[in-house]
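Every value quoted in this text rests on a predicted model; they were computed, and no experiment measured them.
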Amino acid sequence: MLWFWLAAIFGTLIVLALAALGFRALQQARVAAVLAIRTPNGIDDSGYVWIGGIEQWVSIRGEDLANPVIVVAHGGPGSGLSPFIALVTRSWERHFTVVHWDQRGAGLTFSRAPKGQGEISLARIAEDGLEVAAHALKRTGQAKAILLGASWGSMVAVTMARRRPELFHALVGTGQVVDSTRNEAVGYAALLARVRAAGDTRSEAELVKLGPPPWTLQQTMVERRVLIGRHSPASERGMQGKIALALLTAPGVSLKQAVDWFNAATFSARALMGALFSYSDGPPYAPLAVPFVVIQGADDIQTPTSLAAEYLDALEAPAKRFVSLPGGGHMAMVAMPDACLQALLTEARPFALGA
């Protein structure tokens, strides 16, 4: 997810405005009230945990410990979700115990020790995720969790589910990455068709000049993401400002940590560029030993929904479910959290309940 590049601009402006007006502290208090867990069997356990040889930020929250656990592998890479719980997953906590972790090179984990992140690779982050899942299960007293991966996190989650399937009731992917080369090729064609249908001759000319993939330069990738942003679904318009505001008003997040959030995204993008460009899960597709649910924005052309559906159809798993969210794009989990929740309740939660 490359929205952090645009959010950085909004973030800088909002920092100045909020600091000048003294509004930030009031907003943090308001968000803290929204986040408060008041139920007798709830859990709100957030802090640094020793994972993979470094301290990593882990949050375990829910209104009833009897609910299924869902472990979230965030996207980016490097775009930790811990400051955005109120915006994205607070409503989920009535039905799940939700586990967020800022991966090495991301969010509060990066801010803790920017020069002490150790190895940054898909394999290492997946191993970290398995440690996080084991920690969360021990803390909640449950035997298995649902595993959800978003965008970059879908690569992490598939890797985790193949290595330790016994830890998971089911795997859920959103913004599902299948194959980096095919993603870009199919996405380019879809974007070109979209801008032509909209009569956007400026973007059409830029895309034609850019030419179809393969691409190798990070700047070229960013240019296409900017063009996608001009034609994002209605559900994602204005999300950059909402994300920046949520980051800057998250309780307990200092201004330094907010700045570090953006720095982490840049750091991880550089460190993991090779993994992003080379990733492919097949064909042939190695089977999964757990049920697989894909929840995809219908209008996602960054990780094209058509490829995600084809991938799910071809891959072997004990059970498979596909949900297309009308009006949703690549950021469906962030922009449409309630629609994602409904899909999770209908398609994923039953696997945790033995249904």
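- A donor-acceptor pair is defined here as one N or O able to donate and one able to accept, closer than 3.5 Å; such a pair exists between the side chain of Arg194 and the backbone of His231.
- Side chain of Gln103 to main chain of Gly129: no donor-acceptor pair is present (N/O by atom type, distance under 3.5 Å, no hydrogens or angles).
- Tested against Met333 for a side chain to side chain contact (heavy atoms under 4.5 Å, CB included), the candidates Ile295, Val172, Val88 yield a single pass: Val88.
- Salt bridge annotation for Arg196-Glu204: present, with a cationic side-chain nitrogen under 4.0 angstrom from a carboxylate oxygen.
- Few gaps surround CZ on Arg124; more than 12 heavy atoms of other groups in view lie less than 6.0 Å from it.
- A salt bridge links Arg90 with Glu93: at least one charged nitrogen is closer than 4.0 Å to a carboxylate oxygen.
- Qualifying ring-ring contact (aromatic ring centres under 6.0 Å, His included) partners for Phe110, counting only residues two or more places apart in sequence or in other chains: Phe267.
- Listed for the His74 side chain is a donor-acceptor partner under 3.5 Å among the backbone atoms of Ser79.
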### Message
Please determine whether side-chain contact (heavy atoms from CB on, under 4.5 Å) holds for the pair Ile37 and Arg61, giving the CA-CA distance in whole Å, both sets of side-chain angles, and the decisive distance to 0.1 Å.
### Response
CA-CA 8 Å; Ile37 300 288; Arg61 292 175 44 88; 3.7 Å; yes

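- A side-chain donor-acceptor contact under 3.5 Å links Gln28 to the backbone of Ala250.
- When atom types are taken as modelled, the side chain of Gln296 and the backbone of Gln176 share a donor-acceptor pair closer than 3.5 angstrom.
- Between Phe84 and Trp261, the ring planes are perpendicular. Angles over 60° get that label, and only those under 30° would be called parallel.
- No donor-acceptor pair under 3.5 Å is formed between the side chain of Ser59 and the backbone N or O of Ser46.
- Between Asp102 and Arg112 there is no salt bridge, since no side-chain nitrogen of the basic residue lies less than 4.0 Å from a carboxylate oxygen of the acidic one.
- Judged by distance alone, with hydrogens and angles left aside, the side-chain atoms of Thr174 form no donor-acceptor pair with the main-chain N or O of Ala150 at under 3.5 Å.
- In terms of modelled atom types and a separation under 3.5 Å, the side chain of Glu184 and the main chain of Ser180 share no donor-acceptor contact.
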Can you list, pair by pair, the side-chain donor-acceptor contacts under 3.5 Å of residues 315-323, counting residues two or more places apart and other chains?
residue: Lys320; atom: NZ; partner: Leu312; partner atom: O; Å: 3.0
residue: Lys320; atom: NZ; partner: Asp313; partner atom: O; Å: 3.0
residue: Lys320; atom: NZ; partner: Leu315; partner atom: O; Å: 2.9

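- Counting only distance, with no hydrogens or angles, the side chain of Glu347 and the backbone of Val294 share no donor-acceptor pair below 3.5 Å.
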